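A quick note: this is a predicted structure, and the numbers were derived from the prediction, not measured.
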Amino acid sequence: MSVHSNEVVSFQSVDKIYNTGTVALSKFDFSINQGEFISFLGPSGCGKSTALRMVAGLGEASSGIVKVFGKSPQEIIKHTNDLAFVFQDANLLPWRTVLDNVLLPLELRGTDRKSRVEDAMKVLEMVGLKDHINSFPRQLSGGMKMRVSIARALAAKPKMLLMDEPFAALDEITRQTLQMELLDIWKKENTTILFVTHNVYEAVFLSSRIAVMSSRPGRLSSVIDVDLPHPRNLDLRTNHKFNEYVDLASRSLENSSLQKELG
């Protein structure tokens, strides 16, 4: 997967302080290039989701600058369909079928019915759900619901996919299957993916780079370039180099916590 040199996300000395006084991010600096798969890795409460939500325009920096495609996130979400968000909960509408859930963002765009259905069917086939288009969410497993959520996000052909621990609630086998499917989608669609996780193995398996964050207030502790071959499959997890990256990421997390404790 080639990575282009053009910057698509920039955090410049970003602080985020909530009304409660909680300092979620402090002097957070990080840049992301087109086509990268970036995992934000860190302990619970370190500001990973806060950073992701700011990229999505769902919260503003208390100080500093966040730029997405050279503009404010709010401008991007107001005037384009370049961003799509996948939450930990699939958040499907229970009264709509699989197809109709995926059609929702296309309906909001106002495209004609035929084009909408064609686009929706394409992404449903991509996530392996073309035979379940008439099912309702209550008839689906957790993994299938997440596939629908991913398909819905991809339907509008976003340039960037933001994912906040989407596989955290799934069993390990389903999780690993969806990880491989997500990498396949990333390669086919040439999108940029920002992925929040606190799972070291998941971060190494998925990422081109890992942004390791310190405990609250969140700062960028280190960045790990993951030089592992594609396509990645489950056999990679027994690879010596994979486990070296897991050890490196684990040590980076420990060091970030130690640095925090010391000062």
Side-chain angles (χ1 to χ4, degrees), residues 1-9 31-40 52 55-57 68-70 73 76-77 79-88 90-92 98-99 101-109 111 115-133 143-167 174-197 202-211 226 228-233 236:
M1 179 74 184
S2 61
V3 176
H4 304 287
S5 60
N6 53 311
E7 184 179 271
V8 292
V9 175
S31 295
I32 297 163
N33 293 325
Q34 162 66 30
E36 290 195 279
F37 195 125
I38 301 292
S39 285
F40 291 92
L52 198 72
V55 174
V68 180
F69 302 116
I76 294 297
I77 62 171
H79 299 295
T80 75
N81 297 296
D82 290 344
L83 300 178
F85 207 118
V86 178
F87 296 90
Q88 185 172 337
N91 291 317
L92 304 180
V98 165
L99 177 59
N101 265 285
V102 175
L103 283 171
L104 184 60
L106 301 175
E107 291 171 4
L108 297 175
R109 290 175 64 182
T111 53
S115 295
R116 291 200 300 265
V117 172
E118 287 176 355
D119 289 342
M121 289 301 297
K122 178 184 175 183
V123 292
L124 282 167
E125 184 170 3
M126 193 184 301
V127 300
L129 287 176
K130 66 176 182 177
D131 295 329
H132 299 273
I133 61 173
M144 292 170 75
K145 288 178 184 176
M146 188 51 63
R147 283 187 173 94
V148 178
S149 182
I150 294 170
R152 181 177 59 189
L154 292 171
K157 301 176 183 175
K159 294 180 180 177
M160 187 182 301
L161 192 58
L162 311 173
M163 309 186 78
D164 193 358
E165 298 195 60
F167 307 147
T174 302
R175 184 175 188 151
Q176 291 177 0
T177 300
L178 287 180
Q179 287 168 359
M180 288 188 292
E181 290 179 359
L182 180 60
L183 284 177
D184 191 44
I185 290 168
W186 173 59
K187 292 177 69 180
K188 285 179 179 176
E189 298 300 299
N190 194 34
T191 188
T192 304
I193 297 181
L194 278 58
F195 190 97
V196 166
T197 183
E202 183 169 67
V204 172
F205 186 75
L206 291 173
S207 309
S208 54
R209 287 196 296 157
I210 302 171
V226 183
L228 291 171
H230 287 275
R232 296 178 184 174
N233 54 42
L236 182 66

When rounded to the nearest 0.5 angstrom, what is the spacing between [atom1] in [X] and [atom2] in [Y]?
X	Y	atom1	atom2	value
Phe40	Ile210	CZ	CD1	12.0 Å
Met126	Leu154	CE	CG	6.5 Å
Asn81	Ile76	CG	CD1	11.0 Å
Ile185	Glu181	CD1	CD	7.0 Å
Met163	Ile38	CE	CD1	14.5 Å

Over all atoms of both residues, closest heavy-atom pair of [X] and [Y]:
X	Y	result
Arg147	Val127	CD-O, 2.9 Å
Val86	Ala153	CG2-CB, 3.6 Å
Pro158	Leu83	CB-C, 4.1 Å
Glu36	Asn33	OE1-N, 2.7 Å
Ile77	Gly57	CD1-O, 4.0 Å
Phe205	Asn233	CE1-O, 3.3 Å

Side-chain heavy-atom pair [X], [Y] within 4.5 angstrom cut-off:
X	Y	value
Gln88	Asp164	no
Val117	Met121	yes
Thr197	Phe167	no
Val9	Met160	yes
Phe195	Leu182	yes
Asn190	Gln34	yes
Val204	Leu228	yes
Asp119	Lys157	yes

For this session: Mark yes or no for whether Arg232, through its side chain, and Gln179, through its backbone, hold a donor-acceptor pair below 3.5 Å.
Result: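 Here the side-chain-to-backbone pair does not exist.
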
For this session: State which residues pass salt bridge (Lys or Arg N to Asp or Glu O under 4.0 Å) with Arg175; sequence neighbours excluded, sorted by chain then number.
Result: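 If we apply the salt bridge (Lys or Arg N to Asp or Glu O under 4.0 Å) test to Arg175, skipping adjacent residues, the hits are Glu202.
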
For this session: Might you confirm whether atom NZ of Lys159 has over 12 heavy atoms from other residues, nucleotides or ligands at distances under 6.0 Å?
Result: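 No, not enclosed.
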
For this session: For Arg152 and Asn91, run side-chain contact (heavy atoms from CB on, under 4.5 Å): C-alpha distance rounded to whole Å, both residues' side-chain angles, the deciding distance at 0.1 Å, then the answer.
Result: CA-CA 11 Å; Arg152 181 177 59 189; Asn91 291 317; 4.1 Å; yes

For this session: Just jot down the side-chain hydrogen bond (donor to acceptor under 3.5 Å, both in side chains) partners of Arg116, sequence neighbours excluded, or say none.
Result: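 Listed in chain order: nothing, the list is empty.
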
Exercise. In this structure, which one of Thr192, Leu206, Thr191 forms a side-chain contact (heavy atoms from CB on, under 4.5 Å) with Trp186?
Worked result: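 The passing option is Thr191.
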
Problem set entry | Pair Phe85-Leu52, side-chain contact (heavy atoms from CB on, under 4.5 Å): steps then yes or no | CA-CA 9 Å; Phe85 207 118; Leu52 198 72; 3.7 Å; yes

For this session: Kindly state each residue pair satisfying salt bridge (Lys or Arg N to Asp or Glu O under 4.0 Å) with at least one member in residues 124-133, sequence neighbours excluded.
Result: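 Passing the test, one end in residues 124-133: Glu125-Lys130.
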
